[in-house]
Amino acid sequence: MADSIKHLIAAADLTEKQIRRLLDLARGFGPRVTRGEIIPLLQGKTVVNLFFENSTRTRLSFEQATRKLGGTTMNFSASTSSLSKGETLIDTAKNILAMGPHCLVVRHASAGSPHILSKELTIPVVNAGDGFHEHPTQGLLDVLTMEEKLGTVKGKRVVILGDIAHSRVARSNIHILKKLGASVAVCGPPTLLPPRPEILGVDFAFRPEELLPDADVIMALRIQMERQNRMQIPSVAEYSKIWGMSRERAKLLKPEAIILHPGPINRGVELDPEVADGPRSVILDQVFNGVLIRMAVLASVCAPEKIEEQLKISQSQPGGRHV
Ligand code: CP
């Protein structure tokens, strides 16, 4: 099982083949989930959602993914836990492990937390977002959505717009898109771009107008006020005026270009409501695909012995395999 994965900590760790297997698996689950099937790969297994930061989409879609695979969940919420009494991350995780779960999904404000847990624990660990570092399942669901709409990301131009410096979503997307042969550019205020974007293997511009006409995909990112140690944009209104996807700016795009946003959206800041809800927007497709990708990841780490058979089922379905 050379291409199987034990943990999912970072998209940077995945090979092209491992990414392709996860996408194929997720794609194959799509019609079965739509039909209401339970695919019992996690029957008798428990997944713990250990969230130290707020989440709507990621936590609920991991829960839904577990249910669709016939498993059960245990949910941990930092605000109602014994963390306030001084218990450490590792002690918390080891105490939960003693209750017998089979997988730990973790979101934490500190980059590297899932990696540390994967070294300490004997069960698979899946990163649901760690600080500025990575959000690998988000990167996978974004690429699944792009390929659903565009056929392939190979040779396509993806423009990531906004707060790149603080974005774990941007980092995971860049790793995956580069491995699959897409061309990536980032754009945002100079204070919200990494000091040397070219190190990431991407092009960059400070003004969206330079990049929009050639883009096949625009991914607008949320302005993350909670991760800025000082205000790095003059004002939200100015950000919106220069970098927001307004209706006027969207007119610069090719007719077939699509718009993604990982959520939650600051409406009227990163995206005008008409753009967020318009025909180019695939934001709710991203959310549905989030369940499929999390099913693929949970099945891969919890039931690796069953994956080959699932891939055969996936690939035998119409549109089930990306070529
Ligand atoms: N995209 C994303 O991570 O959303 P949540 O913070 O709601 O999980």
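In each ligand, atom 1 is the first atom listed, and ligand 1 is the first ligand listed.
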Less than 3.5 Å apart, which donor and acceptor atoms pair up between the side chains of residues 115-122 and the rest of the protein, not counting sequence neighbours?
residue	atom	partner	partner atom	Å
Ser118	OG	His115	O	2.6
Glu120	OE1	Lys94	NZ	3.3

Main-chain N/O of Ala128 paired to Arg107 side chain as donor or acceptor, under 3.5 Å: yes
Under 3.5 Å donor-acceptor pairs involving side-chain atoms of residues 291-304, not counting sequence neighbours:
residue	atom	partner	partner atom	Å
Arg294	NE	Thr137	OG1	3.2
Arg294	NH1	Ser61	OG	2.7
Arg294	NH2	Thr137	OG1	3.1
Ser300	OG	Ala296	O	2.6

Identify every side-chain donor-acceptor pair in residues 205-214 under 3.5 Å, counting partners at least two apart or on other chains, and give the distances.
residue	atom	partner	partner atom	Å
Glu209	OE2	Arg249	NE	2.7
Glu209	OE2	Arg249	NH2	3.3

Residues lining ligand 1 [heavy-atom distance under 4.0 Å, listed by chain and residue number]: Ser55, Thr56, Arg57, Thr58, Arg107, His135, Gln138, Pro262, Gly263
Short side-chain donor-acceptor distance under 3.5 Å, Thr46 and Thr72: yes
Donor + acceptor pair across side chains of His108, Glu53 (<3.5 Å): no
